[in-house]
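These notes are about the structure you will find just below.
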Amino acid sequence: MQLTLDRPTLISLAAGFTDHASLPVMETTRLLRSILMEPKMARRSLQYGSTAGDPALRKLTIERLRNLDSSLDSPIYTPENVLITHGSQQLLYLVTECLCDPGDIVLVEDPTYFVYLGILQSHGIASRGIKLQADGLDLKELGRVLDDLKQRGLLPRVKMLYLVSYFQNPSGITTSLEKKRAALELLKKYEKDAGHPIYLLEDAAYRELRFTGAEVPSGLSISSDRVIYAGTYSKPFATGIRVGYGVVPEPLLTVLTRVKGNHDFGTSHLLQQILRAALESGAYEQHLALLQSRYSAKARVLTRAMEMEFPSDAIQWEKPAGGLYVWAKTDVPTGRKSKVFNGALEENVLYVPGEVCYPEDPTRRAPRNTMRLSFGGASKSEMREGIRRLGKVLRAGR
Ligand SMILES: Cc1ncc(COP(=O)(O)O)c(C=O)c1O
C-alpha cells in the first residue's frame with residue numbers, strides 16, 4: 001500500500017484497496033448531514049458511545065446477518081452477541097490476543113491472509129497450514145494435522161482454526177457449508193484431548209462482494225458456541241470508515257469487550273452512526289449492488305487481459321465469483337527476489353508475491369510460483385496496461 005501511495009505512476013495490482021471511483025462520496029455527505037442536522041442525534045454521535053458499539057447498529061448488523069444466513073432459530077443471532085470494532089482487523093487481533101498464549105498453535109489455510117500471519121507472528125503463535133481444494137479446506141489434511149498434533153501431545157496448544165471463508169484472500173476460494181460443518185465436527189472431536197474448546201474463527205471480509213453463485217450460510221448457522229464471526233462494512237461500503245464487527249459467543253465476548261475497552265472505549269461513535277444511517281436508509285444496499293456489478297465487470301476485464309497477454313501454457317487461474325482477487329500459478333518463481341517480481345517493478349507494475357501468503361510450516365516447502373492480482377483499486381485501463389506489462393515480463397522470465 002505504501003509503495004502505491006509513494007509512487008503514483010506505479011500500476012498496483014497488489015494492494016487490497018477497493019475501487020476508488022465508486023467510493024460513496026455523495027451518499028456519505030448526505031448521511032453525515034442527516035446525522036449532524038438533527039441536534040439530538042448530532043450530540044449523541046459526537047459523544048462517547050459504549051465499548052460494545054451502538055445498540056441500533058448492533059441490531060441492524062445481526063438482523064442482516066440472520067437474513068443472509070437464512071437462520072431463524074439459533075440463539076447466537078442477538079444484538080448482545082455483536083461487538084462493533086475498528087474494522088474487522090481489530091476483531092481478528094482481539095480474538096487472537098485474548099484466546100492465545102505465546103507458543104500456541106492456530107490452524108490456517110495454506111495460503112491465507114498474510115496480515116493475519118503477522119498477528120500470529122507478533123504474538124509468538126505458531127501456525128499449521130491446511131491445503132485448499134476448489135470448495136475450501138482439504139478435510140483429510142485437517143484430520144491428518146489434528147492427528148499429528150495429538151500424537152505429539154500438542155493439542156492443548158491448539159486454540160482455533162482461522163478460515164477466510166468467502167472469496168478467500170488470496171486464492172478466491174469459498175468454503176462450502178458442508179465443509180464448514182465437517183470442519184466443526186472434526187475440531188469438536190479433538191476438544192477432549194485439547195482440554196478446551198477449539199474455535200472456528202470465520203473471517204467473512206469478502207462475503208458481500210459476491211457477483212455469481214449462491215449465498216453460502218456462515219458457520220454461525222451451524223454452531224452457536226464454537227464459531228467467532230468477523231464481518232466488515234469496509235469492503236461493501238467504504239474502507240476509510242473502518243467499521244467492522246464480530247459475532248462472538250460467551251464467555252469470549254465479555255473478555256473481548258473488556259480488552260477492547262482497554263484499547264479504545266469503543267469504535268468511533270460518529271463513524272458508527274454513518275453505517276447505522278446507511279443501513280436504515282437503504283443507501284448501504286444500493287451501494288452494495290452497485291459495487292457487485294462494478295467488481296464483476298472489473299474481474300472480467302482483468303481475466304480477459306490475462307487470457308490475452310499471459311503465456312497460456314504456463315499460467316493457471318480460476319475466474320473469480322466474488323471478492324477482489326485472482327490467484328495465479330505460474331511455472332517460474334514469482335517471489336520478491338525473483339526475476340519476474342523485479343522485472344515487474346522495473347515496468348512499474350506491482351503484484352503480491354504468493355510466497356508471503358503461506359504460513360511458516362516446517363512440514364512442507366511453500367510454493368514460490370504464485371501471485372495475487374487484485375481488480376479492486378486499479379481502473380480498467382490500468383489493469384489492461386498492467387497485465388500487458390506483466391505478460392511481457394512473464395514471457396521474458398521463462
Ligand atoms: C481476509 C481479510 N480479513 C480482514 C481484513 C480487514 O479488513 P477491515 O479491517 O477493513 O474490515 C482484510 C482486509 O484486507 C482481509 O483481506
Side-chain angles (χ1 to χ4, degrees), residues 1-2 4 12-20 23-24 53 57 61 64-65 82-97 106 108-120 127 129 132 136-137 160-175 200-210 218-219 228-248 256 260 263-264 267-268 271-272 274-275 278 284 288 291 295 320 322-327 351-352 354 356-359 372-378:
M1 282 189 179
Q2 196 55 50
T4 315
S12 178
L13 303 172
F17 284 119
T18 49
D19 184 63
H20 208 64
L23 285 167
L57 180 59
T61 298
R64 207 162 173 280
L65 194 53
V82 178
L83 177 66
I84 304 291
T85 50
H86 192 76
S88 58
Q89 190 65 31
Q90 185 184 36
L91 199 269
L92 301 180
Y93 189 93
L94 285 172
V95 170
T96 310
E97 185 172 80
V106 172
V108 299
E109 293 153 300
D110 194 28
T112 187
Y113 172 42
F114 58 87
V115 182
Y116 186 68
L117 292 176
I119 298 181
L120 294 181
S127 48
L132 286 169
L137 282 179
M160 60 182 168
L161 165 65
Y162 170 67
L163 196 67
V164 184
S165 51
Y166 298 89
F167 317 112
Q168 199 230 25
N169 177 3
S171 70
I173 289 172
T174 293
T175 296
L200 172 68
L201 172 54
E202 179 166 18
D203 178 345
Y206 297 92
R207 177 175 191 174
E208 297 187 46
L209 301 186
R210 172 172 62 88
S218 77
I228 303 157
Y229 182 91
T232 187
Y233 289 119
S234 271
K235 318 280 177 188
F237 195 69
T239 39
I241 298 182
R242 309 295 302 117
V243 173
Y245 55 92
V247 183
V248 188
L256 256 61
K260 180 169 163 64
H263 283 203
D264 60 15
T267 302
S268 156
L271 299 183
Q272 288 186 67
I274 296 178
L275 261 316
Y284 179 87
L288 177 58
L291 282 186
Y295 285 128
L324 294 180
Y325 308 110
V326 177
W327 181 242
Y351 62 84
V352 169
V356 303
C357 305
Y358 292 95
R372 192 195 75 178
L373 299 166
S374 171
F375 48 89

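For ligands, and for the atoms within them, numbers begin at 1 and follow the listed sequence. Everything numeric in this text was worked out from a predicted model, so none of it was measured.
For ligand 1, the polar-atom distance check finds an N/O of Ser234 within less than 3.5 Å of one of the ligand's N/O atoms. Checked against a 3.5 angstrom limit, the closest N/O atoms of Asn169 and ligand 1 fall inside it. Checked by distance only, ligand 1 and Asp203 come closer than 3.5 Å through their nitrogen or oxygen atoms.
Side-chain N or O atoms of Arg242 include none that pairs as donor or acceptor with a backbone N or O of Ser234 at under 3.5 Å. With Thr267 contributing its side chain and Ile84 its backbone, the two residues share a donor-acceptor pair below 3.5 Å. At distances below 3.5 Å, at least one donor-acceptor pair connects side-chain atoms of Gln168 with backbone N or O atoms of Pro111.
In terms of protein heavy atoms, atom 7 (O) of ligand 1 is closest to Ser88 OG, 3.5 Å. The protein heavy atom nearest to atom 14 (O) of ligand 1 is Lys235 NZ, 2.7 Å. Looking only at protein heavy atoms, the nearest one to atom 5 (C) of ligand 1 is Tyr113 OH, 3.4 Å. Annotation: atom 16 (O) of ligand 1 to nearest protein heavy atom, Tyr206 OH, 2.6 Å.
For Thr18, the side chain to side chain contact (heavy atoms under 4.5 Å, CB included) partners are Leu23, Lys235, Thr239, Tyr295, Leu324, not counting sequence neighbours. Remark: Thr61 pairs with Tyr233 by the side-chain hydrogen bond (donor to acceptor under 3.5 Å, both in side chains) rule, at least two apart or across chains.
Between atom CG of residue Asn169 and atom SG of residue Cys357 there is a gap of 6.5 Å, rounded to the nearest 0.5 Å.
Each of the following atoms of ligand 1 lies closer than 4.0 Å to a heavy atom of Val164: 1 (C). The contact set between ligand 1 and Gly87, taken as ligand atoms under 4.0 Å from a residue heavy atom, comprises 9 (O), 11 (O). Each of the atoms 8 (P), 11 (O) of ligand 1 lies under 4.0 Å from some heavy atom of Thr232. Atoms of ligand 1 lying under 4.0 Å from any heavy atom of Ala205, numbered from 1 in the order shown and given with element: 2 (C), 3 (N), 4 (C).
Residue contacts with ligand 1 leave out Tyr116, since none of its heavy atoms falls under 4.0 Å from the ligand. In this structure, Gly244 does not count as a contact residue of ligand 1, since none of its heavy atoms falls inside 4.0 Å of the ligand. The closest approach between any non-hydrogen atom of Arg242 and ligand 1 is below 4.0 Å.
When all heavy atoms are compared, the tightest approach of Leu91 to Gly246 is CG-CA, 3.7 Å. Taking each heavy atom of Phe167 and Arg207 in turn, the nearest pair found is CE1-O, 3.7 Å.
Residues Val243 and Phe237 form no side-chain contact, since every pair of their non-hydrogen atoms from C-beta on lies 4.5 Å or further apart.
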